[in-house]
2 protein chains.
Amino acid sequence: MPWSRNRKTSAGTADPAVAGAQLSGTTTPIKTGAARPRCGTCILRPHCLPAGLAPEPLRKFENMVQHFATLAPGEHLFRVGDTFHSLYAVRTGCLKTCAVDPNGREHVLNFHFVGEIIGIDAIFPEQHFADAIALVESSVCHLPYRAISQFAREVPELQVQLVRALSRHVFSMTSISGDFSAEERLAAFLIMVSARHRLAGGGSTELQLAMSRQDIANYLRLATETVSRILARFQKSGLLQANRRQITLLNPDGLYAIAECMNPYSRGGINRRRPDKDATRS
Amino acid sequence: MPWSRNRKTSAGTADPAVAGAQLSGTTTPIKTGAARPRCGTCILRPHCLPAGLAPEPLRKFENMVQHFATLAPGEHLFRVGDTFHSLYAVRTGCLKTCAVDPNGREHVLNFHFVGEIIGIDAIFPEQHFADAIALVESSVCHLPYRAISQFAREVPELQVQLVRALSRHVFSMTSISGDFSAEERLAAFLIMVSARHRLAGGGSTELQLAMSRQDIANYLRLATETVSRILARFQKSGLLQANRRQITLLNPDGLYAIAECMNPYSRGGINRRRPDKDATRS
DNA sequence: CGTCTCCTTGACACAGATCAATTAACGTGG
DNA sequence: CCACGTTAATTGATCTGTGTCAAGGAGACG
């Protein structure tokens, strides 16, 4: 049976307040790729590709990086079918990568928060098979892959970082790919957002979501109504306070407890609904 | 067929068609990591890490590779919590990686067919967070990561392959992570198995599944009963013939049509096989 | 031949999708 | 500043795809 779920595309028209807020204390949004970013002083460096580079290689790396024009909400960074030639690092804001299948259903593949790398999945096919769209005003660094890859041959530390970034990506994907209930997935999502807020230097209980309910739903493989309802349920049980995209976590531990089973590191706590489905056989 | 026949037949029928052909004069399975595998003559090389290496680096690479003892069905290659120190390449047979959540519910993260690399997701955490278990009698090459990684610094081509393998892994994961119906997922699964059979030199319509219905269900996030029912439905509509683990695809194009929406290449019209039936519901 | 394990099939239940309607922001133009 | 339109978010009422429970069947193996 055809079986259409959420099919509309929402290109986050959102609070511009969110974007810059988190970490642009020094730098006002650059409108046209003017100044080179300075990895050396970038607050995100520990989480970015040049993490742990020595001063000299770092300088060379900086020279490869280009700063990209700021993206307005809804603007594309790249599109399905574009040739891959560059990775991107999110400096401010938030983007989503998504693909629309032949039936018109949109699948949000990932959200990309401050400090994260976009485009890793295109290295192999050498072509983007997803659209990357800014959810709020965002800016990204532009890391030409050929140059980076070439440079990595000389600088093992960079090579290590590259491989780690890839592996981490795989690692994080396994979390959402499992078979979990809507509550578990949403709780895990909120915790993830919270953690990333903290990484970017923001508070971890006051969340200003960059994405719509629909984007969240498409990402978590739910209906938007379900996301809404579960948020309401969380609110009623005192876990959080939700007002549109403004979310306040009142009881993070409670959310952790719900989401725990999705954390690959912490298998061994908490309960979930479906008692068993058997396992084992060795 | 590439895989040894059903589970516990006579001890050690590593399918001669594959196993024997490329890796040894002897037809008997290697029980203890005796002979070094010869990447140079391995039929899988184009799909493996040393793809495209020049003769000299290839020889050095071969010297790093160790052959592993054959794994019996149900035997573990590694377990959750094991320290990561090596990647593995499947030479014969088929393995699954899986993790058990707090409730004892098993999640199959991936199946690993002939020619595929296992362990990529453990590079970053430097620890395995999944069990790797042989589904049928299998053998794997043992690729010590530190040595490989070190060697890759000298041989760019190998580095490229490593990154490509990682990226490909990410790429393939996006396929099953989407929001698809049970039919779509199962159809896509069968097509994937078929494609991998072909890669390994087998036929693409006569499939001998290495995994149980339960493994398939856990992988696709379904109940085993659902897998059974949908196979029955496919059979009734003439798409295939299913007898336990012996599956014959009668109408691969029909399956393609059902699974199309999951093919990342088809999104946006890149390189698509056929236009789909439209998404009208009713 | 019995036992075991995997697979299949049926009956029923429920989480979550779908349909539908209302309310709340946020423009925009007058 | 206020009507108006548009889109996002909520809430309620149903429907349904799949999960769950239960009961055989069919190979495999000793």
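Throughout, protein chains are lettered first and strands after them, A, B, ... in sequence-line order, and every chain is numbered starting at 1.
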B:N218 atom CG is separated from D:dG19 atom P, nearest whole Å, by 11 Å
Distance, nearest 0.5 Å, that separates CG of A:L95 from NE2 of A:H76
10.5 Å
Taking CE from A:M211 and P from D:dA8, how many angstroms apart are they, rounded to a whole number?
15 Å
Between C:dG16, C:dC7, D:dT20, which one does the side chain of B:R105 approach most closely?
D:dT20
Between B:A99 and B:F129, the two heavy atoms sitting closest are CB-O, 3.8 Å
Could you tell me how the ring of B:F78 sits relative to the ring of B:H128: parallel (under 30°), tilted (30 to 60°) or perpendicular (over 60°)?
parallel
Which listed nucleotide (C:dC19, C:dT9, C:dA17) is nearest to the side chain of A:E225?
C:dC19
5′-ward residue of the pair A:R229/A:N243 relative to DNA chain C
A:R229
Any donor-acceptor pair under 3.5 Å between the side chain of B:R244 and the base of C:dC6?
yes
Closest to the side chain of B:A182, out of C:dG16, D:dT11, D:dT18, is D:dT18
Nearest-Å distance, CZ (B:R221) to P (D:dT20)?
15 Å
For C:dC7, take OP1 and OP2 only and decide whether either is under 4.0 Å from a side-chain N or O of B:S228.
no
Distance in angstrom units between B:I230 CD1 and D:dT16 C1', rounded
14 Å
Is there a donor-acceptor contact under 3.5 Å from the side chain of B:E184 to the main chain of B:S181?
yes
Rounded off to whole Å, could you give me the CD-to-P distance for the B:E183 and D:dT16 pair?
16 Å
Whole-Å gap separating C1' (D:dG19) and CD (B:Q214)
14 Å
Whole Å only: how far is the CZ atom of A:R233 from the P atom of D:dA9?
19 Å
Interatomic distance where CZ belongs to B:R213 and P belongs to D:dG19 [whole Å]:
16 Å
Any side-chain donor near an acceptor of the partner, A:S177 and B:S177, under 3.5 Å:
no
